[in-house]
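Below is one structure, written out as structure tokens; comments come after it.
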Amino acid sequence: MHVSGTGDATAAPGGLANSGYIHELNVSTLTMVVRQGPREPAAWPHQVGLVPPRALSFQPRTELERLKEAVEGGGTAVLTGMGGVGKTQLAADYAHSTWLDGRLDVLVWISAGNRSAVVTGYAQAGVELCRADASDPEQAARTFLAWLHPKAGAAPCRWLVVLDDVSDPADLRGLWPPASPYGRSLATTRRREAALVGHGRRLIDVGLFTEADAVAHLTTSLAAHDRHEPAGRLAALAHDLGHLPLALSQATAYLVDADLDCDAYRRLLADRARTLAQVMPGTGALPDDQQVALSASWSLSIERADRLDPVGLARPMLRLAAMLDPNGVPGGVLAGPHALAHLTEQRTRAAGNTGPSPQVRPQDAVLALRVLHRLSLVEHTPATGNQAVRVHRLVQRATREDLPRDLHDELARTAGDALVEAWPEVERDSALAQVLRANADALRAHAPGPLREPGWHPVLFRAGRSLGEAGHLDAAHAYWSELHAAAHRSLGPDHPDTLTTRHHLAFWRGEAGDAAGAAAAFAELLENRRRVLGPDHPDALNTRANLAYQRGEAGDAAGAAAAFAELLEDRLRVLGPDHPDTLVTRGDVAGWQGMAGDVDRAVAAYAELLEDRLRVLGPDHPHTLNTRGNLAYWRGEAGDAAGALHAYTELLEDRLRILGPDHPHTLTSRHNVARWHGETGDATRAAAEFAELLEDRLRILGPEHPRTLGTRSNLARWRGEAGDAEGAARAFADLLTDVLRVLGPEHPETVKARASLARWQN
């Protein structure tokens, strides 16, 4: 067997090595040139080029089976994926195992970083295997490719050609190995494009490790050093490293060399003061003969991407995406006006232009994403919509760590602007809202400082409001608690942004069921806002409105009605009769008058308000829809059950059209339609509709949300009204157990559940 990495050179003692190439020897003024003609073909089995060693902890994967299927019968497998997923290791494992099993006569391994390297590798094989002339590499390469074709009457040669790390498909134009029943070809690349497939070539995406693969990899790697960790800790470390094989391998080397356990290493990894280069081994300590440290794994791909059309946009696009959620960014966020303006400015700066440059268009932004996708730096899948762009968290981190400080802060604010811009005022799509909140959370984690200077960025307020509007009341209360504490520390107690966080904290406290606590918090806030802003400032008036509302929710309906009536006078004076806040206050006056016992007055007031809402805001405005709902409610309370059902049914149709099926107001309309079906005598239908509503409440809000618990209460009631008293009693018994645990013994829902249980048990 012959193995060659330099022409399979041999030499007699004191002689010159002969590899079939031209050699030059310079000694002082003496120059000796030795030219050697074609050499005799090497005997089989023969290997050209050096196959990378098999990784110490190589992990078999499903992609390996797909590779074997692709090359059977003379096919070509093209392994593609981001840097670090283990493409070369898969190729090397296949090459080693096939060679050692005796299934090959010739194995050629070429590091195919550019066309010249491919030609040189082929030429070397041509010199060693088929008497090619080393003085003409292009011709020698063509000779070798022609030699790979099967020849009639000649002994078949079982060959494998591996082209590792192809950087540009164009480099292989005319250089792909031929299809042969005896040959197999394999290429690895970070590129993903049409030129890589066809003519018997099959593209195989190499992804991240699964959790099981990652844990197995870490277990084996550590065991080789007599180190052992619980599987749970290994899984947590694998998650922190995004299940990227290269990261797992290099992190293992670091924690072994530094004598750290997984938990200690994870703390280092999470330390924002440390870079990836500081928590990974240096080039001198890389495992498995690796050549590139993790932090530099993607730099060449980024440089190449930035040179592709549209020139100069790939890098700034990747930087912007690096500030957001690795699990998915809506495409509209990265192609909206704020993002386009930023991309235009960054391309102008990079080009050194002093004058205005052409504005980057939405289609240019999409093309930049496609370039990044082609080089496996992002996953761009427009069909997924809400999560169209995914970037591995370590690619994000390496990209952020490479940013100048001033650009980092600018990017953070730009990303925040882009999120707010893409955030619909009415959240019809609950999945989109969830993705936007996840992106806001990621941005806040990556860049907390820039979002708070000079003032707090609107994305912080929009994300918190979305959390509450989606019905996640406990989470909203926790979010605003954290935000208020941070604002109080950094801005001081009287800063407008601090006061705004106090407002939201009190509001969502009330929405979560603590009306008395919310009222007390709004009373304190009102004093501060009057002192800092003045009594007629819109924020002070809003605080008065919320204080009145929470007092009513706490049981003082008459006091709430009186407070809203006083507020209405001031809003008419300060804002005028058609201002949205004035119209809201008119509705509050009407509603609390009804709650205080004056139902007819509430019906009349809401009917008048609806006319003005339609005139000022139009029929599809959320406030107009809310007024229709309130009018239907009080008509029902006034005794017109059929009218209430008809009005709620029409309102539900419009809310489905305008807000979508998962919006909290749409769910409320479904609740009311079900209730009034029961109130008009169809208890069976009411029970069925509440059962369907409960499924959606559970899916959207979870089992412990107050509205989910309320739906369970109504379902139990109407099942009882439909004749299943025993089932109602069981349901209320189960409900009472849960509301006691979730809401406590004194909560109104707990009191109601206890009374309902007593009723249906009798």
Quick one: does [X]'s side chain get under 4.5 Å of [Y]'s, heavy atoms only?
X: Leu436; Y: Leu432; result: yes
X: Arg405; Y: Asp409; result: yes
X: Asn626; Y: His665; result: yes
X: Leu244; Y: Leu294; result: yes
X: His472; Y: His477; result: no
X: Leu407; Y: Gln346; result: yes
X: Asp581; Y: Leu541; result: no
X: Asp620; Y: Asp654; result: no

Give the minimum heavy-atom separation between [X] and [Y], together with the two atoms involved.
X: Val360; Y: Ala365; result: CG1-N, 4.3 Å
X: Arg444; Y: Leu451; result: CA-CD1, 3.9 Å
X: Gly464; Y: Trp508; result: O-NE1, 4.5 Å
X: Met323; Y: Ala447; result: CE-CB, 3.9 Å
X: Glu453; Y: Arg413; result: O-NH1, 3.8 Å
X: Cys262; Y: Leu237; result: SG-CD2, 3.8 Å

Between the side chain of [X] and the main-chain N/O of [Y], is any donor-acceptor distance below 3.5 Å?
X: Thr668; Y: Pro664; result: yes
X: Asn439; Y: Gly328; result: yes
X: Glu704; Y: Val742; result: no
X: Gln396; Y: Leu324; result: yes
X: Trp423; Y: Arg462; result: no
X: Tyr265; Y: Val279; result: yes
X: His392; Y: Gly242; result: yes
X: Thr750; Y: Gly744; result: yes
X: Thr666; Y: Gly660; result: yes
X: Thr348; Y: Thr344; result: yes

How many angstroms lie between atom [atom1] of [X] and atom [atom2] of [Y], to the nearest 0.5 angstrom?
X: Leu313; Y: Asp306; atom1: CG; atom2: CG; result: 7.5 Å
X: Leu547; Y: Arg544; atom1: CG; atom2: CZ; result: 9.5 Å
X: Leu369; Y: Leu377; atom1: CG; atom2: CG; result: 11.5 Å
X: Leu499; Y: His488; atom1: CG; atom2: NE2; result: 9.5 Å
X: Asn528; Y: Arg530; atom1: CG; atom2: CZ; result: 11.5 Å
X: Arg741; Y: Leu743; atom1: CZ; atom2: CG; result: 9.5 Å

Review point. Applying the side chain to side chain contact (heavy atoms under 4.5 Å, CB included) test to Asp497, which of Leu491, Leu460, Leu483 qualifies?
Key: Leu491
Exercise for review: Evaluate side chain to side chain donor-acceptor pair (under 3.5 Å) for Ser466 paired with Arg437, printing each intermediate quantity in order.
Suggested key: CA-CA 7 Å; Ser466 173; Arg437 290 195 299 272; 2.9 Å; yes
Between [Y] and [X], do the side chains contain a donor N or O and an acceptor N or O under 3.5 Å apart?
X: Arg571; Y: Thr585; result: yes
X: Thr275; Y: Glu401; result: no
X: Arg697; Y: Thr711; result: yes
X: His380; Y: Arg370; result: yes
X: Thr384; Y: Thr381; result: yes

Practice item. Please collect all salt bridge (charged side-chain N to carboxylate O under 4.0 Å, His left out) contacts where either partner lies in residues 499-509, sequence neighbours excluded, each pair once. Key: Arg509-Asp514
Exercise for review: Using the side chain to side chain donor-acceptor pair (under 3.5 Å) rule, take His705 and Asp474 through it: C-alpha gap first, then chi angles, then the decisive distance, then the call.
Suggested key: CA-CA 8 Å; His705 192 280; Asp474 290 340; over 6 Å; no
Practice item. Test His579 against Leu572 for side-chain contact (heavy atoms from CB on, under 4.5 Å), laying out the working first. Key: CA-CA 8 Å; His579 191 280; Leu572 284 166; over 6 Å; no
[X] atom [atom1], over 12 foreign heavy atoms within 6.0 Å:
X: Arg551; atom1: CZ; value: no
X: Met280; atom1: CE; value: yes
X: Gln363; atom1: CD; value: yes

Point to revise | Intermediate values then yes/no, side-chain contact (heavy atoms from CB on, under 4.5 Å), Gln387 and Val329 | key: CA-CA 5 Å; Gln387 295 172 291; Val329 183; over 6 Å; no
Check your understanding: Which residues satisfy the side-chain contact (heavy atoms from CB on, under 4.5 Å) test with Ala438, sequence neighbours excluded?
Key -> Asp325
Check your understanding: Using 4.0 Å as the upper bound for N to carboxylate O, is an ion pair formed by Arg315 and Glu303?
Key -> no
Review point. Looking at Glu345 and Arg349, does any basic side-chain N land under 4.0 Å from a carboxylate oxygen?
Key: yes
Check your understanding: Glu569 and Arg573: salt bridge (Lys or Arg N to Asp or Glu O under 4.0 Å), yes or no, with the steps?
Key -> CA-CA 6 Å; Glu569 293 180 6; Arg573 172 178 56 82; over 6 Å; no
Exercise for review: Start with the C-alpha gap between Thr543 and Arg529, add the side-chain angles, then the distance that decides, and say whether side chain to side chain donor-acceptor pair (under 3.5 Å) holds.
Suggested key: CA-CA 8 Å; Thr543 303; Arg529 276 189 157 164; 2.9 Å; yes
Review point. Going by the angle between their ring planes, with limits at 30° and 60°, are Phe507 and His503 parallel, tilted or perpendicular?
Key: parallel
Exercise for review: List the steps, then state whether side-chain contact (heavy atoms from CB on, under 4.5 Å) holds for Ile700 with Leu667.
Suggested key: CA-CA 10 Å; Ile700 297 168; Leu667 299 179; 4.0 Å; yes
Exercise for review: Might you work through the side-chain contact (heavy atoms from CB on, under 4.5 Å) test for Arg267 and Asp271, ending with a clear yes or no?
Suggested key: CA-CA 6 Å; Arg267 288 192 292 271; Asp271 184 354; over 6 Å; no
